[in-house]
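Right, I'll just put the structure down here and ask away after.
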Amino acid sequence: MPPAPTPVPAPLHLPLDYPVYCEAGAVAYVGRIAQRAAPSHRVAVITDHTVASHHAAALVAQFPAERTRLFAIPPGEQEKTRARWAELTDALIAWGAGRDTTVVALGGGVIGDLAGFVAATFMRGLPVIQVPTTLLAMVDASVGGKTALDTPAGKNLVGAFHNPAAVVIDPGVLASLPPATLRSGLAEMLKHGVIADASYFDAVLQALPDLLSLGAAAPQFAPLIAASVQIKANVVAEDTREGGLRQILNFGHTIAHAIEKVQCYDMRHGDAVAMGMVTEARLAEQVGVAAPGIAVAVRDAVHRAGLPWQLPIGIALDAVIAETHGDKKARGGAARYALPRGIGEMESAEGEWAVPVADDLVRTALLEQVA
């Protein structure tokens with residue numbers, strides 16, 4: 001008799017309507033997890049060329065060859081467009097995909113957002129299995145059901161809330177990442193500590209020497225990823241459509257998205273978030289939300305993680321400030337920010353969870369980060 005298959009690992013205990021698996025080797029179970037969470041006739045695996053070279057063959061082999069198709073696009077934020085969405089949906093139609101199709105998003109945050117939006121909109125909605133391959137996507141982008149495209153006017157301005165049928169996180173795939181890409185994901189882990197859990201923030205700081213020296217081999221990665229997912233899941237469960245509390249997950253992102261836009265997305269998202277967290281922590285002090293000291297604490301953490309805290313050389317501050325007015329949290333054209341009261345606690349702003357800040361204060365904060 002052939003040996004019994006290895007049991008699928010148990011999902012994390014989270015307050016979500018879909019399972020999230022987080023275990024080394026979990027990518028080998030994607031086929032069986034998909035069969036359980038989203039049984040279908042066809043499987044469309046959407047990825048980028050870089051990820052495909054490392055992981056696509058093994059994943060595609062878990063599904064029936066005659067009913068599975070790999071769709072690979074060039075890597076990078078510049079691909080998260082309406083044109084690429086149209087190309088992918090047209091390719092699905094040409095292949096004969098119908099509502100009996102499951103989408104598997106294999107990649108980082110760009111692929112998760114783009115493939116998720118394809119799934120959300122194709123024939124009014126297909127199930128999607130998120131298989132994140134970057135640290136940033138594992139701890140943040142793959143959980144919560146946000147999907148989006150960028151437009152010339154800004155980042156993530158066209159999108160939909162579309163929960164995955166399952167999320168499969170395999171810390172082992174981090175070994176294929178360049179060190180700078182792996183490092184950039186630390187920004188979102190630090191963010192989760194700032195917004196919700198001071199003890200988690202301290203745990204990440206204590207683990208940084210191993211995380212940076214050992215990389216994906218660091219034993220702390222798996223439990224820290226799981227704990228980060230727990231923090232995000234707790235927030236998302238309270239506010240599924242970003243009407244209030246969920247806005248705290250945008251700490252650092254108002255400035256980050258503005259920087260990315262001005263830089264034409266020619267930078268890693270985690271690096272921009274690191275800069276944005278330093279700016280917005282300083283804003284929290286300037287408007288009296290936080291006591292002095294949090295800006296230094298956040299800047300020190302970012303620096304210790306090997307992430308940039310100074311702005312890109314030569315960046316136009318007026319352009320950055322102008323871009324903040326197009327942020328999704330803006331109201332009446334005025335920028336609003338998710339601001340911390342301290343490490344582990346955010347300003348509720350009487351249930352709004354976002355604080356309007358005058359442009360002159362934003363400029364003052366940004367000037368502190370000019371290289």
Side-chain angles (χ1 to χ4, degrees), residues 1-14 16 18-40 43 45-48 50-65 68 70 72 102-109 111-112 115 127-143 164-179 181-183 185-186 188-189 203-204 207 210-233:
M1 293 180 62
T6 305
V8 173
L12 300 176
H13 296 288
L14 302 172
L16 300 173
Y18 49 89
V20 177
Y21 301 85
C22 181
E23 185 173 303
V27 74
Y29 303 102
V30 172
R32 290 159 64 190
I33 290 170
Q35 187 176 27
R36 179 184 300 174
S40 62
V43 177
V45 179
I46 299 177
T47 188
D48 68 45
T50 302
V51 174
S53 67
H54 292 286
H55 307 295
L59 186 139
V60 169
Q62 299 177 42
F63 299 96
T68 303
L70 179 69
T102 289
V103 172
V104 176
L106 174 67
I111 288 296
V128 59
I129 307 292
Q130 291 282 356
V131 186
T133 59
T134 65
L135 179 60
L136 191 147
M138 289 178 184
V139 301
D140 189 69
S142 64
V143 176
V167 180
V168 184
I169 298 170
D170 183 348
V173 306
L174 296 176
S176 65
L177 295 180
T181 302
L182 180 63
R183 247 192 339 266
L186 296 173
E188 294 286 358
M189 296 170 72
V204 174
D210 284 347
L211 300 182
L212 294 174
S213 63
L214 300 177
Q220 298 97 322
F221 258 128
L224 286 174
I225 290 169
S228 207
V229 170
Q230 180 75 62
I231 290 170
K232 180 162 187 183

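This one's a predicted model, so the numbers in the text were calculated from it and none came from an experiment.
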Quiz item: Is the closest side-chain heavy-atom distance between Val139 and Lys232 below 4.5 Å?
Solution: no
Quiz item: Do you know which two heavy atoms are closest between Gly112 and Gln130, and how far apart they sit?
Solution: O-NE2, 3.2 Å
Quiz prompt | Minimum heavy-atom distance Leu182-Ala216, with the two atoms named | solution = CD2-N, 3.8 Å
Quiz item: Under the side chain to side chain donor-acceptor pair (under 3.5 Å) test, which residues partner Ser176, sequence neighbours left out?
Solution: His55
Quiz item: What distance do Thr133 atom OG1 and Met138 atom CE have between them, rounded to the nearest 0.5 Å?
Solution: 7.0 Å
Quiz item: For the side-chain contact (heavy atoms from CB on, under 4.5 Å) test, which of Val128, Val131, Val20 pairs with Val167?
Solution: Val20
Self-check item: Any residue meeting side chain to side chain donor-acceptor pair (under 3.5 Å) with Thr50, in chain and number order, not counting sequence neighbours
Solution: none
Exercise. Not counting sequence neighbours, which residues clear side chain to side chain contact (heavy atoms under 4.5 Å, CB included) with Val60? List them please.
Key: Val45, Thr68, Leu70
Ignoring hydrogens and angles, write down the donor-acceptor pairs under 3.5 Å from the side chains of residues 218-230, residues two or more places apart or on other chains.
from	atom 1	to	atom 2	distance (Å)
Gln220	NE2	Asp210	OD2	2.8
Ser228	OG	His192	ND1	2.5
Ser228	OG	Tyr200	OH	3.4
Gln230	NE2	Asn234	OD1	3.0

Practice problem: Kindly say whether Ala137 contributes a backbone atom to a donor-acceptor pair with the side chain of Ser142 at under 3.5 angstrom? | Solution: yes
Practice problem: To the nearest 0.5 Å, tell me how far Thr47 OG1 sits from Leu59 CG. | Solution: 8.5 Å
Exercise. Go through the steps for Leu135 and Met189 under the test side-chain contact (heavy atoms from CB on, under 4.5 Å), then give the verdict.
Key: CA-CA 9 Å; Leu135 179 60; Met189 296 170 72; 3.8 Å; yes
Self-check item: Considering all heavy atoms, the nearest Gly109-Ala141 contact
Solution: CA-CB, 4.1 Å
Exercise. Identify, with sequence neighbours excluded, every residue that meets side chain to side chain contact (heavy atoms under 4.5 Å, CB included) alongside Ala34.
Key: Phe63, Ile129
Exercise. Applying side chain to side chain contact (heavy atoms under 4.5 Å, CB included), name anything that partners Ile33, two or more places apart in sequence or on another chain.
Key: Val8, Tyr21, Tyr29, Ala166, Val168
Quiz item: Closest approach of Thr134 and Leu177, non-hydrogen atoms and distance?
Solution: CA-CD1, 3.8 Å
Quiz item: Per the side-chain contact (heavy atoms from CB on, under 4.5 Å) rule, which among Thr102, Val104, Val103 passes with Pro127?
Solution: Thr102
Practice problem: For side-chain contact (heavy atoms from CB on, under 4.5 Å), just list the numbers for Leu186 and Leu212, CA-CA rounded to whole Å, side-chain angles, deciding distance to a tenth of an Å, and then say yes or no. | Solution: CA-CA 10 Å; Leu186 296 173; Leu212 294 174; 3.9 Å; yes
Self-check item: Interatomic spacing from CG in Leu14 to CD1 in Ile231 - rounded to 0.5 Å
Solution: 11.5 Å
Quiz prompt | Side chain proximity check, Ile111 to Leu106, heavy atoms < 4.5 angstrom | solution = no
Quiz item: For the residue pair Asp170 and Ala26, what are the closest heavy atoms and their distance?
Solution: OD2-N, 3.3 Å
